[in-house]
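Throughout, residue positions are numbered sequentially from 1 according to the sequence presented.
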Amino acid sequence: MKFRAAASAALLATGLLISPLASADTLRKIAETGKITLAYREASVPFSYLVGPEKPVGFAVDIANAVADAVKRHLNNPAIKVDLQAVTSQNRIPLLQNGTIDLECGSTTNNSARGKDVQFAINHFYTGTRLLTKKTSGIRNYADLARKKVASTSGTTNAQVIRKYNRDNNLDMEIVLGKDHDDAMLLVDSGRAEAFAMDDILLFGLIGNARNPADWVVVGDALQVEPYACMLRKDDAQFQSLVNGVIGAMMASGEFEKLYAKWFMSPVPPRNQNLNLPMGRELRENLVAQSDKPAL
């Protein structure tokens, strides 16, 4: 009881305590339980991925850890425990909504449909759907996949995008879904699909971690530009303000650019691949705008 009282006092002092009638109160939940639960992905290189048993690393993992540190400072409680929870494309939103996780920073697209169920922070990356295939496949763009099998990952916007493109262009593709990005890549590697439709940055990351990177190539036009952003529960203005404050301060101070260079312009574990991907125009502009504008 003493801990709860102290935590509530700290929240009141910082203006972060909100009404118990609010539909979401992440900071109060963290104060009362003494822990914050951060979600991670197992194969979203270089955003959030495993380099050992239950050891997630990545660009978005560093952002999530910075938020956790800020929560400890706001609650004046450095002893708050940071729990980690693996999520997939399919369960990340339900686990956020039901309180299992408190924050998801990974490779999640901020779009209007998802915005009905969750709240997004400031956009921290921009990408588009392209194709991963074997160099020997002869696939160079979407038209080459007419009447062929194309993989994507279950629960992603990319699966929706490639289905729509297939319908709109009468390509008669057969869409097959993997449970995660590694599984979808395996569908191509094993000959059960000709290409894997996914965010191009994730495809480059998968190539870097492949057994034989030289066998693979990313091809095709980018079908759309989509922003990535951290997810939190809806109607939680205080926690949203804290998360955006952390990300916005990183963008304003230059820390964000240093973090970007660490994960996109330098060798990263476990194979020390360097994506060598300079920051794109959309993201550089958002260092100033700090927008959370969703894709349509």
Side-chain angles (χ1 to χ4, degrees), residues 36-52 54-74 78 82 84-87 92 101-110 119-128 181 199-209 225-232 239-293:
I36 179 172
T37 303
L38 305 178
Y40 68 89
R41 300 295 298 274
E42 295 183 337
S44 290
V45 181
F47 296 93
S48 181
Y49 63 103
L50 291 175
V51 294
E54 298 183 5
K55 186 181 178 184
V57 298
F59 178 72
V61 172
D62 285 352
I63 292 174
N65 287 333
V67 171
D69 290 341
V71 168
K72 293 178 183 180
R73 291 192 298 271
H74 273 292
V82 178
L84 303 175
Q85 173 67 51
V87 298
R92 55 192 165 180
I101 60 175
D102 298 311
L103 182 70
E104 192 269 352
C105 294
S107 55
T108 298
T109 295
N110 170 10
Q119 181 68 52
F120 285 97
I122 294 169
N123 297 328
H124 61 246
F125 197 79
Y126 293 82
T127 187
H181 303 324
D199 296 332
D200 55 5
I201 182 57
L202 300 182
L203 298 179
F204 290 126
L206 288 167
I207 289 176
N209 278 339
V225 175
E226 294 189 348
Y228 286 172
C230 297
M231 286 196 303
L232 51 146
F239 190 51
Q240 181 188 8
S241 178
L242 185 148
V243 174
N244 280 343
V246 171
I247 298 171
M250 293 172 71
M251 289 179 167
S253 69
E255 184 180 352
F256 187 94
E257 290 183 83
K258 291 178 182 177
L259 193 63
Y260 186 96
K262 171 185 174 182
W263 290 103
F264 296 92
M265 300 294 293
S266 308
V268 299
R271 298 179 182 269
N272 290 321
Q273 89 266 24
N274 187 341
L275 296 176
N276 195 25
L277 184 70
M279 188 179 294
R281 175 184 57 81
E282 294 92 348
L283 181 53
R284 188 160 295 282
E285 289 177 352
N286 209 45
L287 299 186
V288 177
Q290 298 190 6
S291 170
D292 61 359
K293 183 179 178 181

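- The closest side-chain donor-acceptor pair between Tyr228 and Asp199 falls under 3.5 angstrom.
- With a 4.5 Å cut-off on side-chain heavy atoms, Val82 and Lys72 count as touching.
- Heavy atoms only, all atoms of each residue included: Phe47 and Ser107 are closest at CD1-CB, 4.4 Å.
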Next on the checklist: Working note: Glu104 + Val87, criterion side-chain contact (heavy atoms from CB on, under 4.5 Å); need CA distance, chi angles, decisive distance, verdict.
Outcome noted: CA-CA 9 Å; Glu104 192 269 352; Val87 298; 4.3 Å; yes
Next on the checklist: Could you walk me through whether Met265 and Met279 satisfy the side-chain contact (heavy atoms from CB on, under 4.5 Å) test, starting with their C-alpha distance in whole Å, then the side-chain angles of each, then the deciding distance to 0.1 Å, before giving a yes or no?
Outcome noted: CA-CA 9 Å; Met265 300 294 293; Met279 188 179 294; over 6 Å; no
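- Pro56 and Leu50 make their closest contact through N-CD2, 3.7 Å (heavy atoms, listed as atom of the first residue, atom of the second, distance).
- Under a 3.5 Å cut-off, the side chain of Thr37 and the backbone N or O of Ile101 do not form any donor-acceptor pair.
- Of all heavy-atom pairs between Ala70 and Val246, the closest is CB-CG2, 3.5 Å.
- The distance from atom CZ of Phe256 to atom CZ of Arg284, rounded to the nearest 0.5 Å, is 10.0 Å.
- Atoms CD1 and CD1, from Ile122 and Ile247 in turn, are 6.0 Å apart once rounded to the nearest 0.5 Å.
- One finds the OG1 atom of Thr127 at 11.0 Å from the CG atom of Leu283 (value rounded to the nearest 0.5 Å).
- Relative orientation of the Phe264 and Phe125 rings is parallel, given thresholds of 30° and 60° on the angle between their planes.
- In terms of heavy-atom proximity, Glu257 sits nearest to Leu287 at CG-CD1, 3.7 Å.
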Next on the checklist: Determine whether Leu232 and Gln240 satisfy the following criterion, side-chain contact (heavy atoms from CB on, under 4.5 Å), listing intermediate values before the conclusion.
Outcome noted: CA-CA 7 Å; Leu232 51 146; Gln240 181 188 8; 3.7 Å; yes
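- With hydrogens and angles disregarded, a donor-acceptor distance shorter than 3.5 Å links the side chain of Arg271 to the backbone of Asn209.
- Closest approach of Pro46 and Ile201 over heavy atoms only: CD-CG1, 4.2 Å.
- A donor atom on one side chain and an acceptor atom on the other are found under 3.5 Å apart for Thr109 and Glu226.
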Item to check | side-chain contact (heavy atoms from CB on, under 4.5 Å) between Leu202 and Val45, intermediate numbers included | outcome: CA-CA 6 Å; Leu202 300 182; Val45 181; over 6 Å; no
Next on the checklist: One pair to check against side-chain hydrogen bond (donor to acceptor under 3.5 Å, both in side chains): Asn110 and Asn123. What are the steps and the verdict?
Outcome noted: CA-CA 8 Å; Asn110 170 10; Asn123 297 328; 3.0 Å; yes
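- Expressed to the nearest 0.5 Å, how far NE2 of His124 lies from CG of Asn286 amounts to 11.0 Å.
- Note that NE2 of His74 is 10.5 Å distant from CZ of Phe239, once rounded to the nearest 0.5 Å.
- Panel note: side chain Ser44, backbone Gly106; no donor-acceptor pair is recorded below 3.5 Å.
- Looking at every heavy atom in both residues, Pro278 comes nearest to Tyr260 through O-OH, 3.3 Å.
- Between the side chain of Gln290 and the main chain of Gly248, a donor-acceptor pair closer than 3.5 Å is present.
- With a 4.5 Å cut-off on side-chain heavy atoms, Gln119 and Asp292 count as touching.
- A distance of 10.0 Å separates SG in Cys105 from CZ in Phe59, rounded to the nearest 0.5 Å.
- Side-chain contact check for Leu38 versus Asp102: every heavy-atom pair is 4.5 Å or farther apart.
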